[in-house]
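Position 1 is the first residue of the sequence; numbering continues from there.
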Amino acid sequence: MASSPTQDAVGTPGGKTFFGHPRGLATLFMTEMWERFSFYGMRALLVVYLISGGPDAAEDAQLGGLAMTAVTATAIYSVYNAMVYLLTMPGGWLGDRVWGPRGTVAVSGVIIVCGHLSLTVPGEPMFFVGLALIATGSGLMKANISTMVGHLYDGPDDPRRDGGFTIFYMGINTGSLLATLLIGYVGQQVNWHLGFGLAALGMALGVVQFLVGSRHLSARSSEVPLPLSDPERRGVLRKTLVAVAVTAAFYSVVVATGHFTLNWAMVPLTILGLAVPALVIARIKRDRDLTDEEQRKMTGFTWFFVVAAVFWMIYDQGASTVQTFGETRGANSLFGLDFPSSWYQSLNPAMILLLAPVFAAIWLALNRRGREPSTTGKFSVALVVAGLSFFVFALPMTLTAGGDKASPLWLVLIFLLHTVAELCLSPVGLSVTTKLAPAKYGSQLMAVFFLAVTAGNCVTGLLSIAGVDLRGVGVILAEATLAVIAGVAMYANRAKVKALMGSVR
């Protein structure tokens with residue numbers, strides 16, 4: 001049984017706990033909740049806003065969007081989502097070498113607020129500025145706030161660690177649930193830009209809360225593990241300025257000659273999103289400062305990364321392919337209640353809040369009996385269940401091919417399967433990454449784990465850019481089959497992966 005919120009706890013600053021965990025978990029829980037409120041609230045509106053007024057919009061949809069096709073909207077969504085997670089890499093680097101995790105999170109929160117405020121301004125230019133700022137701020141925050149959760153515990157063997165990450169994950173989904181219901185309704189039913197404004201307000205509250213409550217965090221969160229020397233700092237600044245100047249000059253020429261289209265931005269970004277994870281993992285593996293044990297753990301981590309990329313490729317289509325289906329081919333009425341299609345995005349966080357405590361209790365109970373599934377086993381289940389969700393998705397897609405509307409219960413089932421799979425992979429993956437990470441790459445390896453999301457979204461982004469309609473039944477079945485194969489492969493090689501992980505389970 002969890003201890004009460006006021007019970008003393010060994011190793012907890014101030015002697016108080018947050019339901020049996022260090023008090024700092026409450027600060028990080030609330031910060032992540034408000035950040036996810038802003039992020040998922042905007043994301044629930046993103047695809048329907050992009051197609052509003054265009055050929056693929058629902059007949060009774062609110063006007064005022066950017067009138068894009070569903071294929072273009074999916075490509076933009078996928079690239080945006082990929083960049084959010086790609087930017088966790090520089091976020092982790094800044095946390096490890098410049099500002100420390102705590103300072104990086106504070107800066108990132110302000111950037112996110114500015115991004116959402118940009119979305120309140122009508123027009124395509126400010127819309128893309130806002131997306132860029134949100135992606136940058138979210139990327140800077142992600143790896144560092146998860147690393148700070150790890151700092152609250154007494155090393156990898158602290159039995160509260162996995163439970164702490166699960167509670168932290170509930171903060172993510174509390175914010176997601178509130179956002180998709182409130183921001184989704186206001187944005188889709190009242191005014192798009194008012195909805196984006198509510199997202200900005202939520203993130204502003206998160207920044208204030210973090211600054212006030214950060215005194216409860218571990219002192220390690222304010223430290224810079226490997227500070228840049230003055231020569232290194234000058235070198236990084238010089239290389240950054242050169243890269244920015246070359247990029248600006250190149251795109252200035254493209255724009256001036258009248259050749260610029262969205263693909264000039266999206267194609268390089270998707271290729272970058274696939275190349276960077278491979279290059280970063282290879283660079284860490286070549287680091288001669290790592291011990292043999294750390295090298296083996298990095299090889300084990302690579303297995304989890306590849307499998308997670310396949311999972312996120314399917315999972316993140318919940319807000320693009322599945323969302324578009326719900327907007328245009330869903331009945332969007334249940335028990336006499338009509339609702340905006342953005343509310344489908346509330347299903348996953350609601351189910352997380354209901355099921356996360358159940359999963360946490362199950363893992364703890366099984367652990368006490370020595371029967372908890374290994375991390376490899378949990379990942380294998382996640383991939384098979386994710387594949388099953390898209391096999392299910394193919395059914396309503398086929399049934400509505402003639403113009404009929406699908407029952408919302410089909411989407412409820414799809415998101416239920418997504419949720420079960422997510423609980424077997426995401427919080428577990430965050431936890432195992434902090435355990436496998438070499439000391440030199442604490443925040444950075446957490447960022448690398450998030451790059452699995454980048455890789456998965458870049459695959460769907462490239463397909464959409466190439467003109468592939470991901471709403472096709474054949475494409476959906478192919479993705480489902482790939483996920484099941486990945487899950488089976490992980491399970492078949494579980495002994496090999498466990499050996500690489502050493503004592504980590």
Task: Short side-chain to backbone donor-acceptor contact, Trp192 and Leu63, under 3.5 Å - done: yes
TODO: Spell out, as yes or no, whether a donor-acceptor pair under 3.5 Å connects the side chain of Ser389 to the backbone of Ala386.
DONE: yes
Check side chain to side chain contact (heavy atoms under 4.5 Å, CB included) between [X] and all other residues, then give those that pass, not counting sequence neighbours.
X      : value
Leu354 : none
Leu87  : Pro90, Ala135, Thr136
Asn263 : Thr261, Met266, Val267, Ile465

Open item on the list: For the residue pair His151 / Ser221, report whether a side-chain donor-acceptor contact shorter than 3.5 Å exists.
Closed with: yes
- [ ] Determine whether the side chains of Gln323 and Ser341 contain a donor N or O and an acceptor N or O closer than 3.5 Å.
- [x] yes
Taking only residues two or more places apart in sequence or in another chain, which ones pass ring-ring contact (aromatic ring centres under 6.0 Å, His included) with [X]?
X      : value
Tyr40  : none
Phe390 : Phe393
Phe415 : His418

Sequence neighbours excluded, which residues qualify as side chain to side chain donor-acceptor pair (under 3.5 Å) partners of [X]?
X      : result
Thr257 : His259
Thr104 : none
Ser214 : Arg102
Thr460 : Ser78

Could you pull out all donor-acceptor pairs under 3.5 Å where a side-chain atom in residues 109-134 meets a protein atom, sequence neighbours excluded?
{"unit_1": "His116", "atom_1": "NE2", "unit_2": "Ser38", "atom_2": "OG", "d": "3.4"}
{"unit_1": "Ser118", "atom_1": "OG", "unit_2": "Cys114", "atom_2": "O", "d": "3.0"}
{"unit_1": "Thr120", "atom_1": "OG1", "unit_2": "Leu117", "atom_2": "O", "d": "2.5"}

Task: Pairs flagged by ring-ring contact (aromatic ring centres under 6.0 Å, His included) wherever residues 328-354 is involved - sequence neighbours left out - done: Phe339-Tyr344
Task: Any side-chain heavy-atom pair of Leu425 and Tyr315 under 4.5 Å - done: no
